[in-house]
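Proteins get letters first, then strands, A, B, ... in listed order; numbering begins at 1 in each.
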2 protein chains.
Amino acid sequence: MENLRRLLPSAASLIVFEAAGRHQNFTRAANELGMTQAAVSYAIRGLEEQLGVPLFHRVHRAVELTEAGEKFHADVSVGLSRIQKSAEDIRAKGRETNVTLAASTAFASMWMLPRLNRMREDLPEIDLRIQTSVRDLDLEEEPIPLGIRGGDPGHWPRYHVAQLAEEVVNAVATPAYIEEHGLPKTAADLQRHNLIHLEEPVRRACDWTEWFASAGLTYPKQARRLTINDYVLVIQAVLAGEGVALGWEHLINPQIRSGALMPVAGHVLKTGLAFYVVWPRSRELNAQAKRVRDWLLEEGRRDRAASGAGE
Amino acid sequence: MENLRRLLPSAASLIVFEAAGRHQNFTRAANELGMTQAAVSYAIRGLEEQLGVPLFHRVHRAVELTEAGEKFHADVSVGLSRIQKSAEDIRAKGRETNVTLAASTAFASMWMLPRLNRMREDLPEIDLRIQTSVRDLDLEEEPIPLGIRGGDPGHWPRYHVAQLAEEVVNAVATPAYIEEHGLPKTAADLQRHNLIHLEEPVRRACDWTEWFASAGLTYPKQARRLTINDYVLVIQAVLAGEGVALGWEHLINPQIRSGALMPVAGHVLKTGLAFYVVWPRSRELNAQAKRVRDWLLEEGRRDRAASGAGE
DNA sequence: GGTTTTCCATAAATCATGCTTATCGCATGG
DNA sequence: CCATGCGATAAGCATGATTTATGGAAAACC
């Protein structure tokens with residue numbers, strides 16, 4: 001196989017030839033390509049010299065492909081169109097401005113939502129789309145580059161992971177509730193309060209039993225028990241003054257900082273697990289997704305710093 | 001569909017990319033292409049800017065294709081190799097130096113053979129191959145660009161034709177024969193001579209009957225009759241002093257000029273037909289075949305001029 | 001039939017881009 | 001720790017692509 005560069009030193013003339021052959025007319029080809037007729041003539045002549053064979057008959061005031069030109073044109077068309085299509089696909093993909101993030105409704109509404117404005121400021125050209133679902137999606141199957149997951153990364157060997165926040169579980173209530181029912185100073189105090197339960201149907205979430213256990217207590221049998229199957233609704237119930245619930249620190253930090261919620265009982269549960277930004281190893285993040293990922297992680301760091309400073 | 005030239009202004013970088021992707025190594029690609037590593041780096045960077053997507057990971061002291069690069073490389077490889085193959089085919093065909101000419105054995109040995117040296121001088125780089133056959137070949141079926149035919153071009157509408165020589169039929173003998181048997185001054189004289197007959201099995205050829213008729217005579221019943229089925233052998237028989245035969249002027253001109261044969265009886269038959277160089281309309285002559293055709297025609301003109309001057 | 005139009009080819013001049021040279025940086029491995 | 005290997009980068013250059021300007025020839029038009 002000959003060296004392609006020696007065979008076709010002026011690859012650009014292939015493009016010219018393709019257009020010229022298609023039109024069988026140099027002037028029109030020149031128009032299409034945004035160049036002059038003379039340049040087309042020059043390019044074709046060069047190609048003919050390279051190949052040692054005329055590609056066009058010059059006849060009347062027109063040109064038409066020779067037999068060799070016809071054949072070559074067919075092949076060049078096919079070859080170039082394949083390359084062109086590929087280039088267009090790649091460019092289109094590179095230009096895509098939307099990045100989809102798979103997350104739980106809790107994360108979406110309690111972590112992302114308060115930060116969307118900031119994100120719009122930092123990454124104005126990125127169109128973030130949040131895909132919420134009841135169970136963690138398999139990103140390898142979905143056309144989704146990024147996800148948020150809580151748990152043990154050892155269970156997701158097919159994903160890259162970057163930690164966003166530790167799993168820290170607080171008992172929280174509103175100032176109004178505390179005013180009415182008194183402040184539970186210890187975990188033991190809490191056993192007399194209205195505890196709101198999350199019954200997460202799919203994802204793992206710690207419950208009061210676990211929380212009390214971590215405080216060295218057992219979960220109190222209690223009459224006034226409210227169970228809700230959605231974390232967002234649990235927090236809304238707390239905000240409505242219905243009682244005390246467990247809240248993931250990274251999700252309720254904004255409300256704690258604003259004073260809407262207060263941690264109570266002086267005990268937190270650190271499960272040793274964490275929440276992660278994840279993306280499949282099988283694909284590559286495009287530039288935009290990378291920026292979103294980095295922004296999320298940076299935001300996580302900012303949040304930790306803010307909490308740390310606040311303590 | 002976007003303008004390909006805007007999409008890929010530097011088409012040459014495709015070739016560079018193909019090599020670089022194949023080697024996954026810029027330095028080696030540069031070697032293969034006969035350029036410097038810097039140029040490869042530059043070309044790839046340009047392509048990446050065009051596409052808006054990195055094509056290679058720069059890692060350690062190496063590069064490897066990104067996902068996008070991988071895909072693009074596959075398409076570029078296929079596309080370019082198709083074009084390359086086509087270009088190679090065309091070049092090979094253009095470089096072919098052999099030209100085949102289909103002709104009768106008579107034309108081959110009596111017209112071409114004496115001129116081969118001259119042709120080798122005039123067209124030294126062309127390797128002429130003469131294909132002789134008993135019947136005129138169908139050049140559209142055979143991979144033969146040029147042929148020699150005698151007859152009426154109206155019968156070959158699918159061929160381009162260019163006249164090489166009129167059909168002029170002479171009665172000829174050797175000086176030795178004339179010395180021995182006396183010079184036939186008229187056609188009538190010939191009726192007492194040893195007439196050698198050609199019995200052409202396939203191609204049309206005029207015979208003594210026709211010749212005498214054109215002279216206003218009838219073919220003489222004659223005892224000493226020699227019939228040969230090959231024109232070359234007929235002439236050889238004449239040269240051997242066996243008698244008088246009919247000879248196509250354009251074929252025996254060399255011998256007439258050299259004195260080896262002499263036209264006798266003061267009568268020639270012009271049939272109104274002619275001999276032609278022919279080539280099929282369905283294909284195009286390549287450059288070499290054209291040169292051979294033009295040389296043949298020029299040689300025909302030279303021959304006529306020489307005969308005309310000689311008269 | 002002459003004039004105009006419409007093609008392509010060609011020559012000269014210009015411009016730009018692709019390429020080279022030279023150098024640096026960085027990571028690896030002896 | 002230095003040598004080696006490989007890429008990136010910057011600056012300058014040269015070639016080749018492109019333009020402008022012109023000519024020619026066939027066809028179309030009046």
Checklist entry - Who passes side chain to side chain contact (heavy atoms under 4.5 Å, CB included) against A:Glu299, sequence neighbours left out? => result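 So A:Glu299 forms a side chain to side chain contact (heavy atoms under 4.5 Å, CB included) with A:Trp111, A:Arg115, A:Arg118, A:Trp295, A:Arg302.
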[Y] and [X] side chains, donor-acceptor separation under 3.5 Å:
{"X": "B:Glu125", "Y": "B:Thr97", "answer": "no"}
{"X": "B:Glu167", "Y": "B:Thr271", "answer": "yes"}
{"X": "B:Tyr159", "Y": "B:Asp138", "answer": "yes"}

Is there a side-chain contact between [X] and [Y] in this structure, where contact means two heavy atoms from C-beta onward sitting under 4.5 Å apart?
{"X": "B:Pro145", "Y": "B:Leu139", "value": "no"}
{"X": "A:Leu296", "Y": "A:Ile148", "value": "yes"}
{"X": "A:Arg120", "Y": "A:Leu116", "value": "yes"}
{"X": "B:Gln24", "Y": "B:Leu65", "value": "yes"}
{"X": "B:Arg28", "Y": "B:Glu32", "value": "no"}
{"X": "B:Val292", "Y": "B:Val277", "value": "no"}

Item to check | Electrostatic pair B:Asp89-B:Lys93, nearest N-O below 4.0 angstrom | outcome: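 So B:Asp89 does not pair with B:Lys93 through a salt bridge.
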Item to check | Salt bridge flag under 4.0 Å for residues B:Arg45 and B:Glu48 | outcome: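 No.
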Next on the checklist: For a quick check, with a 4.0 angstrom heavy-atom cut-off, what is the B/S/- contact string for nucleotides 10-29 of chain D, read 5' to 3'?
Outcome noted: ------SBBBB-----SSS-
Checklist entry - Should A:Lys71 and A:Asp75 be marked as a salt bridge (Lys or Arg N to Asp or Glu O under 4.0 Å) after you check the CA-CA gap, both sets of side-chain angles, and the distance that decides it? => result CA-CA 7 Å; A:Lys71 182 182 174 315; A:Asp75 288 326; 3.2 Å; yes
Checklist entry - When the C1' atoms of the five terminal pairs at each end define the local axes, what inter-axis angle does the helix from C:dG1-D:dC30 to C:dG30-D:dC1 show, to 10 degrees? => result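 Inter-axis angle at the ends, rounded: 20°.
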Next on the checklist: Within residues 21-33 of chain A, which residues have any heavy atom lying less than 4.0 Å from an atom of DNA chain D?
Outcome noted: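 None, since no heavy atom is under 4.0 Å.
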Checklist entry - In Å, rounded to the nearest 0.5 Å, how long is the span from CZ of A:Arg158 to CZ of A:Arg281? => result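 One finds 10.0 Å between CZ of A:Arg158 and CZ of A:Arg281.
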Next on the checklist: Using the ring centroid of each side chain, check whether A:Phe107 and A:Phe275 are separated by less than 6.0 Å.
Outcome noted: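 Centroid distance A:Phe107-A:Phe275: not below 6.0 Å, so no.
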Next on the checklist: Below 4.0 Å from chain A heavy atoms, what is the first contacting nucleotide of DNA chain C and what is the last?
Outcome noted: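 Nucleotide range with atoms under 4.0 Å of chain A: C:dT5 to C:dC19.
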Checklist entry - Considering only heavy atoms, which members of residues 48-56 of chain A lie under 4.0 Å from some atom of DNA chain C? => result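 Heavy-atom cutoff 4.0 Å gives no residues at all.
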